[in-house]
Every structure is written in C-alpha cells, then in structure tokens.
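To start, the structure under review is shown below, and the notes come after it.
Every heavy atom of this structure was used, including side-chain atoms; hydrogens, water molecules and symmetry mates were not.
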Amino acid sequence: MSVAERGPGARKPEDFLELVERARRGRLKLYVGFAAGVGKTYRMLQEAHELRRRGVDVVVAFVEPHGRAETEILVDGLEVVPRKRIDYRGVPVEEMDLEAVVGRRPQVVVVDEIPHTNVPGSRNRKRWQDVLALLDAGINVIGALNVQHLESLNGLIERATGVLVRETVPDSFLKQADQVVNLDLAVEDLQERLQQGKIYASDKIPWALENFFKDSNLATLRELALREVAERLDRAGSARAPLERKGGASGRVLVCLASNPPRAKTLLSRGSRMAGRLNTDWCVVYVETPGEAPHLIDAEAQRHLLANIEKAKELGAEVVRLKSPDPAGAILDFARTHGVVNIIVGRSQQPWWKQVLSGSVVMRLLREGPEFDLHVIGLEPPLDNGEER
C-alpha cells in the first residue's frame with residue numbers, strides 16, 4: 001500500500017515525542033484520510049509500537065479493528081484500556097472509558113473514530129470532546145478521522161457525493177492539532193483493497209462500490225483531503241509570522257445571522273472556511289430588533305436560533321448578540337470597531353423591487369460599508385467555489 005504523508009515531522013515518531021516532552025497541556029496528532037481503508041488505524045498503531053519501543057508509556061483508549069486481521073495483529077502487544085459498558089434502552093453499549101484513561105494517566109493515548117457520537121449517559125456527547133478532555137488533563141493523543149467528517153465540508157460533501165455525513169467534527173478541533181498527517185492512496189488501490197475484503201465484510205462490498213466508493217466520490221474526497229491538509233499547513237506557517245492587524249493579517253470575518261435564516265448552515269460553514277483560509281478569527285453577529293424579542297418570535301424560530309448559535313460556537317466562532325432597531329447600522333458599527341474586513345450575509349428573500357423601495361440589510365451594507373468585502377451567499381453555492389472548499 002502506497003502511503004503519502006503530509007505535515008511537519010510526519011515520518012518520525014520521535015518528532016512527535018519531542019512535542020510531547022515540551023508540553024504541559026496534551027499534544028494532538030491527527031491522521032486524516034479521505035475514506036475508510038486508507039490506513040489511518042494501521043499507522044496509528046504502528047506509531048504506538050514505535051513509541052513504546054522508545055520507552056514511552058502509550059495505551060490504546062479506543063480502536064475498532066472492524067474484523068481486519070492486520071489491524072488486530074497490531075493491537076497485540078499494546079496495553080488496551082478496557083471499555084466502559086453503558087446500558088442504553090436495555091442494550092449494553094461499549095464506549096471509550098474516559099475516566100479510566102485519565103485515571104491511568106499515560107503519556108500517549110491512541111483514539112480512533114474521533115467523529116463518533118457517544119451513547120446517551122456518557123460524560124460527553126462526542127468522542128472529539130473526550131479527546132479535548134484528555135488534552136486538558138495533560139495526556140497526549142494520537143487520533144484519526146476522515147475529511148468528510150469536517151463540519152464546514154458537510155454541505156459540499158453531500159452535494160458532491162449525494163451522501164449525508166451525520167457525524168461531524170468542528171473545524172476548530174482540527175486547528176488544535178499540533179501535527180496533521182494525510183494518508184493518501186490511489187483510488188484504484190483503495191477499491192482493490194475493498195474488493196479483497198480488507199475494508200468491509202464481503203456482503204457489504206457491492207453496495208459500497210455502487211455508492212460511497214464510486215470513482216467520482218473517492219476522487220472528490222481525495223482532492224479535499226489533500227487540499228485541507230495543505231491549507232492547514234499554510235495556515236500554521238502564517239500563524240508563525242507577525243500579524244499586521246487585529247484579528248490576523250487579513251482582518252476578522254463576520255457572519256450575519258438572522259433569527260431563522262434558511263441557509264444558516266451554509267453561512268456558518270462559509271465563515272469557518274474563510275477564517276481558516278485567511279488564518280484569522282471569526283464572529284457571528286445576531287441583531288435582535290424590537291420585533292424579534294424572545295417573547296415575540298415563535299418557539300420554532302427560537303429553537304432554530306439557539307441551535308444555530310450553538311453550531312457557530314462549535315465551529316469556533318465568537319457569537320455576539322446585539323439589540324438595535326437598525327440591523328445594518330448595528331452590523332456596520334460592530335464591524336468598524338472590531339477589526340472586521342470580510343462580512344458574510346445571506347441573499348435577501350425579498351423581491352428585488354421591494355429591496356429597492358424599502359431597502360434591505362444587504363443593500364444597506366453595500367451602500368454604507370464600502371470599506372468591507374461583502375460576500376452574499378446564494379441558495380446553492382457552486383461546487384467549484386474556492387471559499388467553500
């Protein structure tokens with residue numbers, strides 16, 4: 001299997017060990033792939049054995065071999081922290097035992113399938129939150145995920161492949177990684193591994209080849225994985241350079257959020273992606289007008305607003321709620337005093353003639369904010385849009 005690596009110090013486990021020894025908070029190394037079967041788990045376990053031979057206290061917190069013999073062989077010889085059993089609706093479910101790992105306090109922990117959703121009753125809802133808890137406890141983590149699980153790529157992946165990925169990881173999690181390694185594999189080689197039964201059981205192979213593992217899907221995912229890791233390295237390099245202005249060399253990104261916008265997910269994803277590309281921070285601003293006070297908007301709109309605010313925080317944005325009878329004026333005032341350069345807003349749903357006669361937030365921002373770069377997001381952003389990717 002041909003494996004290409006991307007990332008500083010990706011080839012030598014001792015390089016990661018140097019980071020570990022310098023750290024107080026735990027360090028994070030992520031293996032990123034474009035599909036199951038590219039070798040993420042295999043490489044993590046190989047590195048664990050290398051670290052163990054160097055005298056590092058390393059344990060496996062969670063690895064799921066999925067019946068792959070070569071992976072099961074690599075688990076042998078490593079200490080595995082027993083999983084925690086939780087009864088959910090009368091069915092026992094095994095999860096990573098976060099408390100047991102923290103109590104064991106190893107130097108390095110191997111955690112697979114980071115986008116996984118924990119069973120209700122667990123300490124955290126998502127496994128990536130468990131990883132953050134391990135890092136906060138001073139434990140170093142080697143983990144793995146596939147690029148399609150990044151939250152900001154979710155809509156693009158669905159449109160490009162027709163597959164809705166339900167378990168996601170916020171981009172802010174990837175940004176916390178000290179090392180990112182991209183495991184690359186030719187599409188034809190991955191499909192051959194699938195047909196040889198090295199990824200899924202034989203009864204699932206025909207369905208996989210006709211759906212997620214189609215040539216076009218895998219080519220798109222592979223391109224995204226290569227691009228994401230390359231851009232992450234560019235951002236890391238830029239972060240080491242002196243910043244020229246508040247919020248980063250390119251200024252802050254501001255996303256305008258209404259009480260119940262029809263494209264909230266797209267707006268938030270675009271903001272996260274743009275901030276990542278520009279190596280800057282970003283914020284989400286919601287302007288509450290007198291007619292949108294909590295006791296005046298309906299329960300469904302309130303629920304959507306709270307969900308969108310929570311999603312924005314999960315993606316790494318600072319969320320600001322302003323109160324004003326003039327949304328456009330409030331947005332411009334905030335942008336001018338908080339180092340904003342790029343403003344992202346959804347296209348107005350009003351007919352064009354009504355926007356001309358009565359005005360709209362978008363028209364006001366265009367007319368009164370010439371110093372800002374205004375990005376107006378339509379219903380369906382094109383797949384080839386550079387910012388979306």
E167 meets the salt bridge (Lys or Arg N to Asp or Glu O under 4.0 Å) criterion, sequence neighbours left out, with none

Return yes when atom CZ of R125 has more than 12 non-hydrogen atoms of other residues, nucleotides or ligands closer than 6.0 Å, and no otherwise.
no

Is V119 reachable from W128 through a run of I, L, V, M, F, W or Y residues, each pair having side-chain heavy atoms under 4.5 Å apart? no

**Message:** Please check this pair: side chain of H338 against backbone of F334, looking for a donor-acceptor N/O pair closer than 3.5 Å.
**Reply:** yes

**Study point:** Side-chain touch V38/Y31, heavy atoms, less than 4.5 angstrom
**Key:** no

Applied to residues 132-151, the salt bridge (Lys or Arg N to Asp or Glu O under 4.0 Å) test, sequence neighbours excluded, yields R25-D136, E151-K311

Residues passing the salt bridge (Lys or Arg N to Asp or Glu O under 4.0 Å) test with D97, sequence neighbours excluded, are none

Side chains of N140 and K29: do they bring a donor and an acceptor to under 3.5 Å?
no

Exercise. Can R52 and D57 be counted as an ion pair, charged N to O under 4.0 angstrom?
Worked result: no

### Polar side-chain atom of R123 near backbone of E99 as donor-acceptor pair, under 3.5 Å
no

Only one of D215, D189, D184 passes salt bridge (charged side-chain N to carboxylate O under 4.0 Å, His left out) with R222, and that residue is D184

Under a side-chain separation threshold of 4.5 Å, the hydrophobic residues clustered together with L306 are none

Discussion item. Do L45 and L78 have side chains that approach each other closer than 4.5 Å (heavy atoms only, starting at C-beta)?
Written reply: yes

Exercise. Is it possible for you to say whether I331 and L374 belong to one hydrophobic cluster, with membership spreading through side-chain heavy-atom contacts below 4.5 Å?
Key: yes

Practice task
Check for a donor-acceptor pair, side chain of T337 on one end and backbone N or O of D333 on the other, with a separation under 3.5 Å.
Solution key: yes

(message) Is there a side-chain contact between L132 and L135 in this structure, where contact means two heavy atoms from C-beta onward sitting under 4.5 Å apart?
(response) yes

Note: A133 and L98 closest approach over all heavy atoms is CB-CD2, 4.0 Å

Using atom types as modelled and distance alone, determine if a side-chain donor or acceptor of N308 lies under 3.5 Å from a backbone N or O of H304.
yes

Would a hydrophobic clustering, with Ile, Leu, Val, Met, Phe, Trp and Tyr connected at side-chain separations under 4.5 Å, put L332 with L322?
yes

task = Report, as yes or no, whether the 6.0 Å neighbourhood of atom CZ on R53 holds more than 12 heavy atoms from other residues, nucleotides or ligands.
result = yes

Electrostatic pair K40:D112 at N-O distance under 4.0 angstrom
no

Checking side-chain polar atoms at under 3.5 Å, does Q195 have a donor or acceptor matched by the opposite partner on Q191? no

Can a side-chain donor-acceptor contact be found between N124 and N118 if the only test is distance below 3.5 angstrom?
no

Tell me, do C283 and V255 make a side-chain contact under 4.5 Å, heavy atoms counted? no

Review point. Under a 4.0 Å N-O cut-off, is there an ion pair linking E50 with R43?
Key: no

Residue set satisfying salt bridge (Lys or Arg N to Asp or Glu O under 4.0 Å) with E95, at least two apart, ordered chain then number -> R127

Check: So do E47 and I142 actually touch side chain to side chain, heavy atoms under 4.5 Å?
Finding: yes

Under the 3.5 angstrom rule, does the side chain of H49 hit a backbone N or O of L74 as a donor-acceptor pair? yes

Expected list for residues 80-94: side-chain donor-acceptor pairs under 3.5 angstrom, two or more places apart:
from : atom 1 : to  : atom 2 : distance (Å)
R83  : NH1    : E64 : OE1    : 3.4
R83  : NH2    : V63 : O      : 2.8

